[in-house]
There are 2 protein chains.
Amino acid sequence: MNISEAADRSGVSAKMIRYYESVALLKPAARRDNGYRDYGDADVSVLQFIRRTRDLGFSLEEVGALLTLWRDRKRPSREVKRLAEAHITDLERRMKETRAVLRTLRDLAQHCHGDERSECPILDDLATPPATRRRKH
Amino acid sequence: MNISEAADRSGVSAKMIRYYESVALLKPAARRDNGYRDYGDADVSVLQFIRRTRDLGFSLEEVGALLTLWRDRKRPSREVKRLAEAHITDLERRMKETRAVLRTLRDLAQHCHGDERSECPILDDLATPPATRRRKH
DNA sequence: GTTGACCTTCCCACTGTGGGAAGGTGCAGC
DNA sequence: GCTGCACCTTCCCACAGTGGGAAGGTCAAC
């Protein structure tokens, strides 16, 4: 099948399929006589795998590692789990950071009237140097 | 003061200060006779403002808008609040997405033995096309 | 006058993704 | 046949931020 059909079936754009090939995440696709890339169902499965892992926030490098493990039928599940847990830890860290930022922002927004008056605790806080800034309890 | 001192005092790297100037987030710095950029306390304050807003996850474009509002003493606080709330909404959406991903990943990792055995529900799930995949309740 | 710590500009890299140009192909309708 | 349209190919550009580093100028201490 053509690249656009593989794209439709896998949910990965043709642009990205070519890109993944160019960075060696995918093996070079088979070519027809006219030079067009030619894909089969197995290729679509790989693309769906990539799509799924990307949706779960793995980096392309991690996707590559997972693909290798996937292809190796004798891999120890330990390695897969380790990758997944490292990613979980990373997401948890980022969530925590975002939560802290959200707390701050909500607090600031709450105290801002948000009307025609120019007085604004948000800007006041943003302009306050770190050492001077004190969190309230 | 030199750029590196302004960097130290503001927490913004010299590299970034030059970059912010190049994208017109900052007004061109004053220059000494030797061509060196020259900063004063007011400049450091601006840099700290930028550093703070960046830490709160605002994009450079948003930082620019906030800076403009900050400089305009007659701005309505409504505008500031609107920007802050838009950012909050954005962060909340991303948190929600990350939470969903985390739920999935934790669920998958939990069911993976993580030992020498090759059997691995994580890879099995990643390889499952969306239509076939069913969430458990 | 040499050394080392600054400064300057300029280009490159990263992560992923999309846009688009310039040119070749394949197929359907006339 | 020929035309038009929808594909395909490669190649370059852009985005948002940030860092690395080269090549060259400056300044101060010794």
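Both backbone and side-chain heavy atoms feed into the values below; hydrogens, waters and symmetry mates do not. All chains are named by letter (A, B, ...) in the order of the sequence lines, taking the proteins before the strands, and each is independently numbered beginning at 1.
Between the P atom of D:dA16 and the CG atom of B:L25 lies a distance of 12 Å, rounded to the nearest Å. The CD atom of B:E21 sits 8 Å away from the P atom of C:dT9 (whole-angstrom rounding). We find that CD of A:E5 is positioned 11 Å from P of D:dC7, with the value rounded to whole Å. One can place CG of A:D8 at 13 Å from C1' of D:dA6, the figure rounded to the nearest angstrom. What separates CZ of A:R18 from C1' of C:dG20 is a distance of 12 Å, to the nearest Å. Residue B:D38 contributes atom CG, which lies 17 Å from atom P of C:dC6 at whole-angstrom precision. Atom pair B:D33:CG and C:dC7:C1' shows a separation of 14 Å (rounding to whole Å applied). Whole-Å rounding puts the A:I17 CD1 to D:dC7 P distance at 14 Å.
Within 4.0 Å (heavy atoms only), B:R31 reaches sugar-phosphate atoms of the nucleic acid but no base atom. When heavy atoms are screened at a 4.0 angstrom cut-off, B:R54 is found touching the sugar-phosphate backbone but no base atom. Counting any heavy atom pair closer than 4.0 Å across all strands shown, A:R37 reaches sugar-phosphate atoms only and no base atom.
Surrounding CZ of A:R31 are more than 12 heavy atoms belonging to other residues, nucleotides or ligands, all under 6.0 Å away.
Comparing D:dT18, C:dT8, D:dG25 against the side chain of B:I3 picks out C:dT8 as the nearest. For B:N2, whose side chain is taken as the heavy atoms from C-beta onward, the closest listed nucleotide among D:dG19, C:dC6, C:dT8 is C:dC6. Side-chain atoms of B:S59 lie closest to D:dG17 of the nucleotides C:dG16, C:dT8, D:dG17. In this structure, the nucleotide among D:dC27, C:dG20, D:dT9 sitting nearest to the side chain of A:K15 is C:dG20. Listed candidates were D:dT9, D:dG19, C:dT17. Nearest to the side chain of A:Y19 is C:dT17.
B:Y20 has a side-chain polar atom (N or O) that falls below the 4.0 Å cut-off from OP1 or OP2 of D:dT18. B:S13 has no side-chain polar atom (N or O) that falls below the 4.0 Å cut-off from OP1 or OP2 of D:dT18. Between B:N34 and D:dG25 there is no side-chain polar atom (N or O) within less than 4.0 angstrom of OP1 or OP2. In this structure, A:S4 reaches the D:dC8 phosphate: one of its side-chain N or O atoms is under 4.0 Å from OP1 or OP2.
The pair A:E21-A:R37 meets the salt-bridge criterion, since a charged nitrogen lies less than 4.0 angstrom from a carboxylate oxygen. Salt-bridge formation is detected for the pair A:E79/A:R82: a Lys NZ or Arg NE/NH1/NH2 atom is positioned less than 4.0 Å from an Asp or Glu carboxylate oxygen. By the 4.0 Å N-to-carboxylate-O rule, B:E92 lies too far from B:K96 to be salt-bridged with it. A salt bridge links A:R51 to A:D55: one of the charged nitrogens lies within less than 4.0 Å of a carboxylate oxygen. Taking a cutoff of 4.0 Å between a charged side-chain nitrogen and a carboxylate oxygen, A:R78 and B:D115 do not qualify as a salt bridge.
No hydrogens or angles were tested; on distance alone, a donor-acceptor pair under 3.5 Å links the side chain of A:Y36 to the base of C:dG24.
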